[in-house]
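Just follow the structure's listing: the first ligand is 1, and inside any ligand the first atom is 1. Computed from a predicted structure; not experimentally measured.
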Amino acid sequence: MDKKDIDWGDLGFGYIKTDKRFVSDFKDGKWDEGRLIEDENIVLNECAGVLQYAQTIFEGLKAYTTKSGKIVTFRPDLNGERLENSAKRLEMPVFPKERFIEAVLATIKANEAWVPPYGSGATLYVRPYMFGSNAVIGVKPADEYQFRIFTTPVGPYFKGGVKPLTIKVSDFDRAAPRGTGDIKAGLNYAMSLHPIVVAHEEGFAENMYLDAATRTKVEETGGANFIFVTKDKKIVTPKSDSILPSITKRSLLTVAKDYLGLEVIEREVLFSEIEEFAECGLCGTAAVISPVGKVNDHGREICFESGMESMGQICGKLRDTLTGIQLGEIEAPEGWIYPVE
Ligand SMILES: *Cc1c(COP(=O)(O)O)cnc(C)c1O
């Protein structure tokens, strides 16, 4: 297999069409076998459920080339489980986790030539998703669905070094109590577009969302979970039913406990206490951890001890350990790494 002729180190985070994508259709109450196809376009009825009532959910994970040259992916079982939960909440049929894992591995295999080489910092981003595809005009779940997976190579998240971010406390809410904040659905992103455009216009990288009910507790950003490090090096992460359960965050908590010997505390985090923390990071598949240097609360600046020059020491260790595990440089906990063969 010859790799594609791409300047891997220069890639950004954008869509590039790769060779194959996986498609399975749900019709008459069941999923078909699924297939790998070449056509990247989808033809839909003008009244498709996804277009009218936003019945769509997704996942995001990556494939890596390890130090020994093998292609692997990271904890796809958890993405499969999360997609099952998202489907149930939006009255969509479950695409079984076992079939999900198989389809993810097959799609990566079919696009092997697009998996960036070890050492490039780039990865192959894998995007599974599902949507209601038949015509729906009265408000109800669709009867037919499509589950698809495409891949796209993405560049190193931090080109030219890691720069801590300045974020703002949003005046908008991301997720209601007992709403859909804990599932990975397009609808949670549609409503976050205006707040993020406003934040960018004001010069901030991200929004910190507070809990909608009391606006006193830290939830997450539009697409990443928070971790904080206390001055005595404990990891604290917000607990809430309206936060999306990040697989990166859950993995980092295990790394903190089992690899770095740090205490990990999942609890409600009051906004009023964040100035006590030494470090703050945003966790997600795209960047693993992005350091936050400053939070702007309506003009009042809350600065973390780690500063604006580099990533905090503990966040740096967490990030290096997890990326080391993903790239096969550090031994992984059992069941975390799935070889693509
Ligand atoms: C996807 C997502 C995350 C990050 O989850 P990972 O599984 O770590 O990629 C965090 N918050 C939201 C709202 C998300 O959609």
- Item | Close N or O approach (Lys184, ligand 1; < 3.5 Å) | yes
- May I ask you to decide if Pro128's main-chain N or O and Arg148's side chain share a donor-acceptor pair within less than 3.5 Å? no
- Message: For atom 11 (N) of ligand 1, what is the closest protein heavy atom, and at what distance to 0.1 Å?
- Response: Glu220 OE1, 2.6 Å
- Looking only at non-hydrogen atoms, which of Phe74, Tyr209, Tyr189 approaches atom 15 (O) of ligand 1 most closely? Tyr189
- Strictly under 6.0 Å, is that where the ring centroids of Tyr129 and Phe58 end up? no
- protein heavy-atom neighbour closest to atom 3 (C) of ligand 1 works out as Gly223 O, 3.3 Å
- Looking only at heavy atoms, what is the nearest atom pair of Val218 and Ile274, with distance? CG2-CG2, 3.8 Å
- Task: For salt bridge (charged side-chain N to carboxylate O under 4.0 Å, His left out), just list the numbers for Lys4 and Asp19, CA-CA rounded to whole Å, side-chain angles, deciding distance to a tenth of an Å, and then say yes or no.
- Result: CA-CA 11 Å; Lys4 300 287 168 180; Asp19 297 336; 3.3 Å; yes
- Query: Atoms of ligand 1 less than 4.0 Å from Arg174 heavy atoms?
  - Reply: 13 (C)
- Does Arg82 have a heavy atom less than 4.0 Å from any atom of ligand 1? yes
- Query: Purely on distance, is any nitrogen or oxygen of Gly284 under 3.5 Å from one on ligand 1?
  - Reply: no
- Message: For Ala224, which part has a heavy atom under 4.0 Å from ligand 1: side chain, backbone, both, or neither?
- Response: backbone
- Looking at Phe228 versus Phe226, is the centre-to-centre ring distance below 6.0 Å? yes
- Apply side chain to side chain contact (heavy atoms under 4.5 Å, CB included) to the pair Glu81 and Phe100, showing each step before the final yes or no. CA-CA 9 Å; Glu81 255 163 44; Phe100 174 94; over 6 Å; no
- Task: Check whether more than 12 heavy atoms from other residues, nucleotides or ligands sit under 6.0 Å from atom NZ of Lys30, and answer yes or no.
- Result: no
- Query: Would a distance-only check, ignoring hydrogens and angles, find a side-chain to backbone donor-acceptor pair under 3.5 Å from Asp25 to Trp31?
  - Reply: no
- N/O separation below 3.5 Å, Thr248 to ligand 1: yes
- Message: Just to check, does Gly222 reach to within less than 4.0 Å of ligand 1 when the distance is taken from its heavy atoms?
- Response: yes
- Message: Is there a polar contact, in the sense of an N or O pair closer than 3.5 Å, between Thr285 and ligand 1?
- Response: yes
